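Okay, structure first, notes after.
Just so it is clear, the structure is predicted and the values come from calculations on it, not from any experiment.
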Amino acid sequence: MRTLAVLIPLNTPKQRRRLMGWTVIALVAFGLVLRLYELGDRALHHDESLDAWFSQRYVEGTYQGYDPVYHGPLRFYVTAGFYWLFGTGVGSARMISVVSGTLLIGMPWFLRKRLGNAGVLVVALILAISPSFLYFSRFAREDAFFVLLTMVFIVVLFAHIDHPREATLIGLFLALVAMWSVKESVFIVVLVVGSFLLVEFASQLWEQAGRRRMDSYAVVAWGLLGIAAFLFALQGTVTDSMVFHMAWWGGSMLVFVGYAWYLSAKVSKSPATTRLGGSVTKPGVDGWSSAVAIAIFSFMAIFTLFFTEWQGTNTPSTESNSVIDGLVGGWKYWQSQQEVNRGGQPATYYLFIIPAYEYLTIGLALFGARRVWVHSTLFGRFALYTSIISIAAYSYAGERMPWLILHPMLPLLLLAGLGAQDLWDHRHRALAKGSAVVFVAALVLTLAASFQVNYVDPENPREMLTQAGQATDDLADTVDRLYVIDRLFQGEMGRSPKIVIDSELSWPYVFYVRNLNNVLWQSLDTAVPADADVVIVASDNRQGVAEGVPLFKAVEQNHREWWVAGGGGTADYFGGGIAGWWNWMVSRETWANDGGYDGVGGVSETVFVSPQVAEMELRANDLGVGE
Amino acid sequence: MTLITALFLLLCIVVGYGITGFVSLELRLEERLPIAVVVGSMVVTLTSLATIALVGFSGAAVVIGLLLALAVSVFGWRRLPNTPRVDGTDFVRRLRQSGSARDNPWPLLVLVSLCWPLTIRIMSLAYQTGPNGAVQAGHLSVFGDWQAHLAYGSAFAQRDGLDLTTPLASGEDFAYHFGVDLFAALTVPTGIDMPAGLTVTTGFLALAIPPILYMFGARLFERRSIAALGPLIFLGAGGLGFFRFFDDVRAGGWGVLWRQSQDYTRDFDTLWMDNPVLGHLYAQRPTMIGFPALLVVLTLVWRAVDRRTILAAGVLTGLLPIFHTFSWGTALLLGSFWVVLRRRQDALWFVVPAVALAAPVVAWLVPPSPSGTFRWHWAWVSDGAPWDIAWFWAWNTGLFPVLFVMGLTWRAAVRRELAIAIAPIWLWWVGVHLALPHPWPGNNAKYAIFWWMLGAFVVAAVLVELVREATQKKSATSSITLGFVVIIFVSLIASGSLDILAAVDGSGGAYPATTMSGGEVLVGEWAQSTADDAVFVSTPDSTSQPVSALGGRQVVSASSGWVYDLGLNWLERAEDSKAMLRGDAGTEELVAKYGVDFVVVGPGELRAGANVSYWDAAATLVYDLSGVRVYEVDQERS
């Protein structure tokens, strides 16, 4: 038997790098297993069912194109591809997130020169097991896909800065187009990364001008200036002036750049000789032309459904041109939604939800910030700046949802990776040793929290990662029941049962019952069709239906559940205080308001079945079939 | 598929990977892995069969079987020349080489990137849930053959003990190479049902087939181009049926490409060979192990450097009959010829295990009255004159036979020793013109397919050599030659590709078609609760017999075609079944003769004339749901 040292040789950097590579591969495989395990068990969320539905429409050829209400079309194409491969279902609807989340685990490998070996491993580990990354890698929305594309963008960006060439420029543009065609968060990414590049460019010009090298203090100061600009712009919160806010902030950056450019020009130094300047000029006109042309072609292909649909979807939030819709429709629509603040979450939302689940990342990120402060690198400044500005930007943006946590988490994770590397570099010091113990403890707690929210009780409304649209186990069971009833009824009666579903409860039922023949959707605040065999009605309309079908057997259940902290219209995360948060962290207990209401509510529904159906179910149950 | 199922399959690969350590041949990762899939599946199936025989079918038996297989594989793991990590690193290194480097595996990656998505897609369409809870088949292969395989698999999965009586004809021995169906049944304790088990295991094995075909081509012909082209020619094979497609286009426009109304490789009138993927691999599941195992055996025999490898080839051959008897016969005959051809001193190390291990199983598989089914017959299904035979093969395989002969005689394309080694496969082709060993004449294609499979590489060699010479000469005729090569290649795969396209599209023609109604699915589930040896009577006119397909229970007569093909008394059983359903005079004697316990009266039985009033009086109604009734017969009373 060979010795361990021979099995795992670590003498040379190449050997260590190889071991790290195999460890990352193992983490990717582990992450894939975590994402696939019981993938289809959790009931579909309202938004998931919409995504699944539109993807199915693409398969059927009835999808008409981009509507910013439902975000970019690229992910419908990809999910449709999974449907084509594996068949349509809950699991395949979530595959785009599974694959994205899994690939994301391996992405830190491509930043190994910047993160360091320890940094790569820690970031990969956290991506694999983090409660939020794991949860939304099993969730059929576009966020995991978008974050993967963002990571690709970051990797290619730094590859381009290191070695500017046409290929990386094309890669950047393609990543941007892909992000644009997935989610309108691309505008935030452009804002955050773009502003950093402006700041960094200015600092390089400044240094080139012979001025005292802009040290980390100055970078932070400019970053703080940016935040101050945000806060200043927030005063009054006239959200329809978002454009003004952005212009104000962007303008201040440009003023700084302009001044630095002036200083550089005074000493006859060209901007192109800076590192960032060179990354712009070195690909040359040919490189830029190719990149732009490919980007335009790709953009048009995606938004016109591969050149088959030019007229667009013609909805209230679109024009009648697919390309125009893609270019400006998303921005216009989401700008108009800033006031709406769907979800009713406060601006401090991310300051609660991120620490609630990702304390491991935050702790390491603090060490990362310290590392950047002491030993400033371009990547370190990038991670620090984008972490702070991303949280600010998403807090500012008018819709705050749990799935959006992934977006500010990404740069925070990179910062955490730097922190992990810093601890490893100083592992002989007492602080590092003590921190390692805390790290392990935090890791164990993170694993427990991740296990709880992803496998034990994924529909628990008290989890902040679940959101008001999350359907319950009861609904999933009802869907199974409907298919059994359909099977029984067809054999007994020679026809499909007439199933009437309250239009208030459309989603996720629409996707779930897609294979049933005789489903009627209507508002049940009026009469129930006389020949209905099964009726599913929202609690508001229950009484009327019950009077209309007195002989039907009824089962009341929850359709969706949610928690609004503080029990009011807008969530109040301060209301519980430290004790409240402690209880929540330990046992997911929620705190009540003065009126005793703890904010856990929901939409309930009642399932009515005819006596005929009830009798069939009883017989099947006696025979032990159809379960 | 559950995660446990995936783990089970992964462990089968682990078993197989270790088993490859018994072979001295230096295998690469892209060879060892697909071999591991096939060999691991075989070993796990055999060890599980042993444990099932001892303790009955259960999850525990499967686990024990798996552990036994892993234990056996440990000895192989210790002999492996490299760890998987080293093999993986080597694979990446070779991939990073120049594309023209001899051992760069990029052509294999292109091949699998084409084959694997199509495989997964076809598998995802195999069984679908239709309206009203019906089980729908996505292809004729599933609607027909898979219903029988479903019954075979359920006979293991839904019976507690090991009972080697066939579910298709009560009281008769299994007498079928059921190995691959048992392998599917082993996945049921992992949390999936039998239809899913068939689909998952078929897909699992199917993914290994293109790489093994590639390996065979690379190892014997020593050219990557032949290794990549050969599988395409075989898997896309069909005859000249594509000419009918042009007729369809003239009638209905190019849209018929997505709405094909007929098959272009099979009509059982003039087209009998069928496409290898759809008619042989997909439909006849034993080939999923038989074909790749055969190729592995031949590769080992051809490239063996020592006795250990020859012995491994012999043992692998000897274990084949329970999985695919036809492949066993081909491996034995051709392999024996090859060890003699290469003047191996250790030839007996191949022949003896190949025969000794197989003999008891082959004896058990022989039908009760083989002389009743075997008959001499000239020219198979063609009219008999030489021109008719030539036209038949041209219509069914295009230019394939001509190119095959050309390759065997063209030294530049195929070297002499290899040509001599492959040439005897023509005896299989000759044989199909001399006899009909099976009741149904179409089964002769099961012998000709081997000729088609090995010949595909010879044909590929011819095309590759033509291209090579044309590109080297760079003359005016070079372009013409290249054009001809392209036309020939397209003609070889056009018909098969059209049929595969229809299977992949899944929305045209008669499919998906209901194979079991919702009510039939329910009674199949209920049948699982009856005694293991319960005997049912149901209609012999349908392939949809849920009590056998899902319940694993014996029926007096399954679909007549299947019983006929097994060489059993199909007509008598079918008529007796219908007589019992009708309650004809003598029903009680028939019930006693077959030991009937239950009588099914569903929509199919009613169409066959079942008499509900008779059975209401003569037996006890024990199941009445969703349009299906089942009566329990009191045998003493009858």
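A salt bridge links D532(B) and R553(B); the closest N-O separation between the charged side-chain nitrogens and carboxylate oxygens is under 4.0 Å. Remark: D531(A) engages K498(A) in a salt bridge, criterion side-chain N to carboxylate O under 4.0 Å. Using a 4.0 Å cut-off between charged nitrogen and carboxylate oxygen, D477(A) and R481(A) do not count as a salt-bridge pair. Between D622(A) and R619(A), no side-chain nitrogen of the basic residue sits less than 4.0 Å from a carboxylate oxygen of the acidic one, so the salt-bridge criterion is not met.
Looking at W22(A), the atoms closer than 4.5 Å to chain B (heavy atoms on both sides) all sit in the side chain, from C-beta outward. For L516(A), no part lies under 4.5 angstrom from a heavy atom of chain B. Looking at V33(A), the atoms closer than 4.5 Å to chain B (heavy atoms on both sides) sit in the backbone and in the side chain alike. Of the two parts of F82(A), neither the backbone nor the side chain holds a non-hydrogen atom closer than 4.5 Å to a non-hydrogen atom of chain B. Of the atoms belonging to R495(A), not a single heavy atom falls under 4.5 Å from chain B. For chain B, no part of Y483(A) is nearby; none of its heavy atoms comes within less than 4.5 Å.
Your options are T119(B), V521(B), T129(B), V523(B), and the one with the most heavy-atom pairs under 4.5 Å with chain A is V521(B). Most heavy-atom pairs under 4.5 Å with chain A: of the set T89(B), V628(B), T2(B), this distinction falls to T89(B). Among G624(A), G40(A), A620(A), G21(A), the residue making the largest number of heavy-atom pairs under 4.5 Å with chain B is A620(A). Comparing N515(A), I485(A), I25(A), N517(A) by how many heavy-atom pairs each has under 4.5 Å with chain B, the most go to N517(A).
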Could you check Y63(A) against Y77(A) for side-chain contact (heavy atoms from CB on, under 4.5 Å), going step by step and ending with a plain yes or no? CA-CA 10 Å; Y63(A) 175 70; Y77(A) 306 159; 4.3 Å; yes

Kindly determine whether W526(B) and F598(B) satisfy ring pair (Phe, Tyr, Trp, His ring centres under 6.0 Å), including the steps that lead there. CA-CA 12 Å; W526(B) 174 83; F598(B) 296 96; 5.7 Å; yes

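Ring geometry, W77(B) versus Y17(B): the interplanar angle falls under 30°, so the pair is classed parallel (tilted spans 30 to 60°).
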